[in-house]
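Worth saying up front: this structure is predicted, and the values here are computed from it rather than measured.
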Amino acid sequence: MAVITQFVVVREGVEKMTFTSKKEADAYDKMLDIVDNLVPFLAASDANLDDGTCEQLAFYLANNKDELANVLRGVVKTATPAETKPKKKTVKQD
């Protein structure tokens, strides 16, 4: 019989995600903390965002926090959607 160690991220009594490493679980938990802080910040804006849109935008910003930090510092230009799409792999047929 195998023993499997799992790390579970639980928020407000709800299981959010299960990981096999503590590092991944901690990173996800930290991302959720960022989202929790961003949602009220975005909701307070003049953009009139509904709750669902605020939450989606908060998740996007939290998942891309390093790039966002660089953009806010003026270090890196933002990528256009065409630049962010993965390139298609060609399959060589015999």
Side-chain angles (χ1 to χ4, degrees):
M1 177 166 48
V3 175
I4 300 172
T5 302
Q6 293 182 332
F7 298 89
V8 180
V9 177
V10 177
R11 288 287 178 132
E12 298 173 6
V14 178
E15 186 176 312
K16 296 293 184 178
M17 192 77 81
T18 301
F19 298 91
T20 56
S21 79
K22 184 175 181 350
K23 183 178 179 180
E24 290 175 324
D26 286 341
Y28 188 77
D29 188 49
K30 183 176 181 179
M31 189 266 307
L32 291 177
D33 286 338
I34 293 169
V35 169
D36 286 344
N37 292 328
L38 281 173
V39 168
F41 175 77
L42 294 170
S45 74
D46 293 335
N48 295 327
L49 302 170
D50 62 69
D51 291 341
T53 304
C54 278
E55 191 170 314
Q56 285 180 325
L57 185 55
F59 270 99
Y60 176 77
L61 295 173
N63 281 322
N64 297 287
K65 67 181 172 57
D66 295 332
E67 184 179 347
L68 176 63
N70 287 335
V71 169
L72 292 173
R73 280 189 246 127
V75 175
V76 175
K77 72 174 189 126
T78 58
T80 63
E83 293 172 349
T84 58
K85 289 183 180 176
K87 294 182 180 179
K88 292 183 179 179
K89 293 181 181 179
T90 57
V91 178
K92 194 175 188 180
Q93 294 180 350
D94 293 329

* **Trace of the side-chain hydrogen bond (donor to acceptor under 3.5 Å, both in side chains) decision for T53 with Q56** => CA-CA 5 Å; T53 304; Q56 285 180 325; 4.8 Å; no
* Asked: Are more than 12 heavy atoms from other residues, nucleotides or ligands located less than 6.0 Å from atom CG of D50?
  -> yes
* **Linked, directly or transitively: V10 and F7 (ILVMFWY side chains, under 4.5 Å)** => no
Mind listing the side-chain donor-acceptor pairs of residues 36-44 below 3.5 Å, one per line with the distance, residues two or more places apart or on another chain?
from: D36; atom 1: OD2; to: R11; atom 2: NH1; distance (Å): 2.7
from: N37; atom 1: ND2; to: D33; atom 2: O; distance (Å): 3.3

* Could you tell me whether K22 and D26 have a side-chain N and a carboxylate O separated by less than 4.0 Å? => yes
* In chain order, what residues pass the side chain to side chain contact (heavy atoms under 4.5 Å, CB included) check against A47, with sequence neighbours excluded? -> S45, L49
* To do: Test side chain to side chain contact (heavy atoms under 4.5 Å, CB included) on I34 and K65 and set out the steps.
  => CA-CA 9 Å; I34 293 169; K65 67 181 172 57; 3.4 Å; yes
* Asked: Taking C-beta and beyond as the side chain, do L32 and V9 meet within less than 4.5 Å on heavy atoms?
  -> yes
* Structure fact -> Rounded to the nearest 0.5 Å, the OH atom of Y28 sits from the NZ atom of K16 at a distance of 7.0 Å
Output side-chain donor-acceptor pairs under 3.5 Å for residues 57-64, partner residues at least two apart or in another chain, one line each.
from: N63; atom 1: ND2; to: F59; atom 2: O; distance (Å): 3.1
from: N64; atom 1: ND2; to: Y60; atom 2: O; distance (Å): 2.8

